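Encoded as structure tokens, the structure appears first; notes follow it.
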Number of protein chains: 2
Amino acid sequence: MDGDTRETIRAVALELFSNKGFEQTSLREIAERVGLTKASLYYHYSSKQSLLLAVVEPVITGWRTIVDDTSRLERTSETVRHVVERCLDVFITNRAVAGIFQRDAAGVAVVLGELWDDRTDLGKRLVAWLAGPSPTAEDRLRAIAAMEVLGAVLTSATYQDDGEFTEDELRAVLSRAAMDVLRLAAEPVASGMRKLG
Amino acid sequence: MDGDTRETIRAVALELFSNKGFEQTSLREIAERVGLTKASLYYHYSSKQSLLLAVVEPVITGWRTIVDDTSRLERTSETVRHVVERCLDVFITNRAVAGIFQRDAAGVAVVLGELWDDRTDLGKRLVAWLAGPSPTAEDRLRAIAAMEVLGAVLTSATYQDDGEFTEDELRAVLSRAAMDVLRLAAEPVASGMRKLG
DNA sequence: GTCTATAGATTGATAGAC
DNA sequence: GTCTATCAATCTATAGAC
């Protein structure tokens with residue numbers, strides 16, 4: 001267990017970046033927490049930027065996969081729900097990284113450069129798909145709002161002091177709420193008429 | 001027109017803080033833009049923190065008023081809609097300040113200290129009211145998600161490259177979307193049965 | 001692989017002349 | 001009220017011994 005050090009550094013960096021923000025976290029602080037000196041970090045990562053990349057890049061890559069898959073799908077009530085749930089899973093699984101983007105967007109954008117623009121473009125593509133073909137302004141705004149709903153995965157912790165929501169609650173409630181925003185909620189069976197549009 | 005300088009500084013700071021983030025904006029940069037030296041800024045504002053306060057405090061105070069007013073209201077479909085719309089107005093009117101909170105939360109939280117905690121508490125109180133009395137986990141999560149929907153006022157600009165949404169579109173669409181998330185959407189008249197719960 | 005020591009740059013803030 | 005000059009702190013990053 002020796003290439004372990006590199007991974008330990010990455011884990012500590014992820015935690016600190018996520019809790020305090022990227023710019024607010026110094027390499028000195030990371031080094032202390034790992035039990036090394038600042039200089040030793042540079043043996044494992046050539047710069048603070050490369051450390052951020054190690055933390056962030058795999059998540060963006062995964063995100064890209066989802067968006068690419070999505071663009072090949074026809075947009076129906078079922079596929080939208082499927083995509084929404086897949087996005088939720090990414091948000092839940094990668095809460096920490098998503099938290100970096102959310103809490104320190106300003107600081108991170110500068111350092112990530114093109115990769116940040118990539119991330120933005122992926123968001124745009126996803127929203128465009130969610131909004132459907134030849135969307136009205138309302139369709140596009142609701143697609144954006146639906147993505148915001150998924151972001152509640154991250155902010156929910158702020159509003160709860162006594163324990164968090166379970167992952168199942170987040171998944172179940174937020175996917176339904178997002179579908180509501182997109183006006184694709186399943187018709188309640190009791191009220192008759194299964195298909196209406 | 002001489003106390004103007006102080007106001008000019010504030011305006012420039014607001015713009016830069018909002019676009020680049022608080023920590024990412026140096027006093028040197030603000031001074032250059034205003035046409036002064038760094039040292040001269042300190043004649044008008046005693047510190048970078050006090051400059052941030054001048055930008056941010058009035059908005060938080062306004063926000064507090066809304067939340068205080070709200071807690072005195074009984075929660076009905078109509079009052080919820082009213083509160084949602086009032087929140088939307090604050091978001092729209094103070095887009096720039098809200099953008100500071102959203103894009104550089106990490107950097108701003110440290111400097112604002114107790115005032116940041118105040119802001120957080122106001123958010124919690126509003127969400128608690130929106131969730132209604134003795135709420136389930138779903139009620140609380142949906143209240144949080146509804147607030148996120150209002151945040152689309154800020155992010156919508158990111159997703160649009162060709163022109164922005166009008167304020168009227170933001171107001172109309174996002175208030176309806178938030179009500180959908182809260183499951184308080186007006187019953188469509190055509191489907192009969194006005195009151196169901 | 002880890003260390004000490006330090007370079008080089010930037011920042012928030014102050015002193016004091018005008 | 002604005003300036004020049006400077007301080008002290010902090011940060012990323014590098015050099016070189018072990």
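Naming: A, B, ... by sequence-line order, numbering from 1 per chain. What you are looking at is a predicted structure, and each value in this text was computed from that prediction instead of being measured.
Residue Arg28(A) places at least one side-chain N or O closer than 4.0 Å to OP1 or OP2 of dC11(D). OP1 or OP2 of dG1(D) has not a single side-chain nitrogen or oxygen of Ser40(B) nearer than 4.0 Å. Taking 4.0 angstrom as the limit, Thr37(B) places none of its side-chain polar atoms (N or O) nearer than this to OP1 or OP2 of dT2(D). Residue Tyr43(B) places no side-chain N or O under 4.0 Å from the OP1 or OP2 atom of dT2(D).
With rounding to whole Å, Glu23(B) atom CD is found 13 Å from dC11(D) atom C1'. One can place CZ of Phe22(B) at 10 Å from C1' of dG12(C), the figure rounded to the nearest angstrom. Straight-line distance from the CD atom of Glu32(A) to the P atom of dT12(D): 12 Å, rounded to whole Å. Look at CG on Asp4(A): it is 11 Å from P on dG1(C), rounded to the nearest Å. In this entry the distance linking CD of Glu29(A) with C1' of dA9(D) reads 16 Å, nearest Å. As a whole-Å value, the separation of Tyr42(B) OH from dC7(D) P is 17 Å. A straight line from NZ of Lys38(A) to C1' of dT4(C) spans 12 Å, rounded to a whole angstrom. A straight line from NZ of Lys48(B) to C1' of dA9(D) spans 15 Å, rounded to a whole angstrom.
For Ala39(A), counting side-chain heavy atoms from C-beta on, the closest listed nucleotide (dT4(D), dT2(C), dA5(C)) is dA5(C). You'll find that the side chain of Leu27(B) is closest to dA13(C), out of dT2(C), dA13(C), dT12(D).
Heavy atoms of Ser50(A) sit nowhere under 4.0 angstrom from any nucleic acid atom.
Geometrically, Lys48(B) does not engage Tyr42(B) in a cation-pi contact defined by less than 6.0 Å to the ring centre and at most 45° from the axis. A cation-pi arrangement is present between Arg6(B) and Tyr45(B), with the terminal nitrogen or guanidinium carbon under 6.0 Å from the aromatic centre and inside a 45° cone about the axis.
Taking the charged nitrogens against the carboxylate oxygens, Arg183(A) and Glu138(A) do have a contact shorter than 4.0 Å, which makes a salt bridge. Salt-bridge formation is not detected for the pair Asp104(A)/Arg103(B): no Lys NZ or Arg NE/NH1/NH2 atom is positioned less than 4.0 Å from an Asp or Glu carboxylate oxygen. No salt bridge links Glu85(B) with Arg81(B); every basic N to acidic carboxylate O contact stays at or beyond 4.0 Å.
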